[in-house]
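Report on the structure given below.
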Amino acid sequence: MELSKTFDPAGLDQRWYDRWMEHKLFESKPDNRESYTIVIPPPNVTGMLHMGHALNNTIQDILIRRVRMQGKNACWVPGTDHASIATEAKVVQMLREKGIKKSDLSREEFLKYSFEWKEKYGGIILQQLKKLGCSCDWSRTSFTMDDDYSKAVTKVFVDLYHKGYIYRGLRMINWDPKAKTSLSDEEVIKKEVRSKLYFIRYQLEKASSGSQLTSKAATLNWSDGNSHPAAPNDITIATVRPETILGDSAICVNPKDERYKDLVGRFAFVPLINRRIPIIADEYVEIEFGTGALKVTPAHDANDYQLGLKHHLEVIDTLNEDGTMSKTAQLYIGQDRFECRKNIVKDLEANGHLVKVEDYSNQIGFSERTDAVVEPRLSLQWWCSMKEMAKPALEAVMNEEIKFYPKKFENLYEHWMSGIKDWCVSRQLWWGHRIPAWYAPDGSFTVAETIEEAFSILSTHDSHLTTHDLKQDEDVLDTWFSSWLWPFEVFHGLSSQGNEEVKYYYPTNTLVTAPEIIFFWVARMIMAGFEVMNKKPFSEVYFTGIVRDKQGRKMSKSLGNSPDLLGLIDQYGADAVRFGILISSPAGNDLLFDEKLIKQGSRFNNKLWNALRLVKGWEIQPVTNGQLSAGNQFAINWFENKLNAAVAEIEKLFAEFQISAALKIVYSLVWDDFCSWYLEMIKPGYDQPIDQETYDATIELFEQLMQLLHPFVPFMTEEIYHLLKVRGESDFVITSKTNIGKEINLNVLNEGETILQIISSIRDIRNRNQIKSRDRLKLFSIRPLNDYTASLVMKLSGLRSIEEISADREN
RNA sequence: GGGAGCUUAGCUCAGCUGGUUCAGAGCAUCUGCCUUACAAGCAGAGGGUCACUGGUUCGAACCCAGUAGUUCCCACCA
């Protein structure tokens, strides 16, 4: 058979993927085999394939292809997450570009646009995963807002409410002024920011009892190391958010602070608006920081809020929900808080209240999704108490019922779980699962799965009530309040309790995900698993690394350093892209991605192709005397052992999720052992035929290699598998059962090692002596171990036997 | 401020339970080859005080302590 010199990787991908789909090779249903289940970490429904997805899903695909070939019932469930805030932000932006404001739309209209958007872009990421070769069971594709799924979310909310875990509470929350919604602590990204520390002087109220300031200190020492003249008529505080002084309720000093001892109990005036506020004392204040005096703004700082509760201070909310100053602020009304900051500093300076400004760097919270500066804000929200649920979830990981790879993440998990705080689950958005709480006109409310149910509860108190009087809560649930049900709800574990699917496939086996979402998602899935199903959701969690560019920067849209994956797949083929991603991803460490590695993958494919061309180009001759040449016999035997040794090695590596290392083993087995040694050993001379037995054995070995390699390099191996010999209609490498992994004969391996060393050293000597390969000269007479060693050594090192040389002389 | 990790060749990293795969791999570099599957290839070579300092041990890249640098996570110093 004549094979073309080159091949078309992208065409090959498409051809085989279609055939696999046609034969429904990815589909799964319960049977009597052992199951192996993976649920995909559902990408955002509006998402586009990026390196993180590619890494993550390539690993899952490798795991699932491997177990499928081991004969297990392999089930990989794909799907997408509705991604409440992220999707809503995108829809809002899309509408804005069309000139439509969200505030001009009704909830229903907005949701209509959102669903249209979802229909249009929702499937894209899944199509992209197909291009990558992911062998998901697409017939199981799920979405966190499917009808059944939504019912399950509601049911969990109602159940947890009745168990007393869910409650409504007025708390200090993280407010995203851009999305105008609350955020959980996990959705707030802290960043170090260079800012300014403003020192602001507050006028003191004249001492009422005529008691003179007895301040012994003629000067005040501040943290800047300088002394400042004692000012009996005012007190100076330090703040990075001067606009919040309009909401000040007090000034607080440490009771042990000698400098301010006499001021406690007196009053000061907020600059510009002259509100009279008390000076109080609390241990919370650091004497060393700033001036040692702290302004207290209970409405806009979590700590100040606590102080306010303790000291019964007034809460003065000076911000609107979009981050502009409210009427309560009295000044700068309608200005954005940052605009206001500039202006108030100017005015404070003009009025002599600004003492000085220092450069300062501090941590500021940003919204994970909108990147807006998060404002602490007092608000009525729905909360989920986590302490009880955390207990079994923590225990399961600590006693290794659920194993983490790498293990170091167990510490992190333990730390977070033991200090877990209540979860703010309500979001002031429209895209998501609406909170199933209904309010009667009198303000009473209930939580129920349906409005009918709610009505039957509320109407017991008020017989005049009709269902039209009931109003459902406007808020939706945090996205993660639905994703935490993913491992069982993709099998309708709650919406159709006890069904065969969930009984068979749940708990799932392996979760492959990024460490970034260990708290968002992994921990919560474990809690939901135990709480709802009374069973762990999965047995092992493999955390991949973070993909970085070759300069070590995290791949991100804003940096523009994410490669165009689809372009790369079109250019080099999915196999090469998968190779490039994997080869650079040591287990659990960050990986530095470099496009060069994809080229390396592409060269590997080329190598495979050429090995095939070599083998298929041979002319075959039946063995004349029924005897294989001793050299060929040895070569076959040696490589078979080499292959089996590699299989054992790979087995071990997979158990530890050392997938990159496993690929390196196969890579070297193919390139070095198979191509460079084995094929060279058995390669017939120019225009010479190969004996049938060696040929058959070689095809067999080649096929086994393809099986071993298939999970990593799915498309090219399928292609070669079919070109090696004629296959039946339903014979695919993807579903072929491996029969490799036999016993290893160490003697054969050692013998091979010796021969290879001899050949290498001869090549080395030839190389040092700069002998051209054409001059097949007679430098050495070696005394090999036996005939086949001699023939191999001479064949591969370019030496000739004494007989040949003397024959040459005679000519 | 607390916690975790990392530091091995020019680069990216292996090196699991201290001693025969112990100083390794892949890229990169250099040398020689268009050799009849593959120049997207073949055959070779150079290159490291295993961060630093002590300790434990017959023996340390590996265990312990400290130091420095670095990354990440958590945290209420305005």
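Note: hydrogens, waters and symmetry copies are ignored here, and every other heavy atom, side chains too, is used. Below, read A as the first sequence line, B as the second, and so on, with proteins coming before strands; counting in each chain starts at 1. Since this is a predicted model, take the numbers as computed values, not measurements.
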- Message: Around atom NZ of A/Lys652, are there more than 12 heavy atoms from other residues, nucleotides or ligands closer than 6.0 Å?
- Response: no
May I ask you to evaluate whether [X] reaches the phosphate of [N], defined as a side-chain N or O under 4.0 Å from OP1 or OP2?
X: A/Tyr667; N: B/A25; answer: no
X: A/Arg603; N: B/G41; answer: yes
X: A/Lys5; N: B/C38; answer: yes
X: A/Lys683; N: B/A37; answer: yes
X: A/Lys607; N: B/C42; answer: yes
X: A/Trp671; N: B/C42; answer: yes

Under a 3.5 Å cut-off for both distances, is [N] Watson-Crick or wobble paired, and to whom?
N: B/C38; answer: none
N: B/A25; answer: B/U12
N: B/U70; answer: B/G5

- Measure the distance from CG on A/Asp672 to P on B/G41 and round it to the nearest whole Å. 12 Å
- Between A/Phe712 and A/Phe579, does the ring centroid distance fall short of 6.0 Å? no
- A/Phe404 and A/Phe409 aromatic centres sub-6.0 Å: no
At 4.0 Å (heavy atoms only), tell me whether [X] reaches a base, stays on the sugar-phosphate, or touches nothing.
X: A/Tyr305; result: nothing
X: A/Val285; result: base
X: A/Ala302; result: nothing

- Message: For a quick test of reading the model, state the closest non-hydrogen atom pair linking A/Thr244 to A/His300 and the distance between them.
- Response: CG2-CB, 4.5 Å
- What nucleotide, of B/A43, B/A4, B/A75, holds the atom closest to the side chain of A/Ser676? B/A43
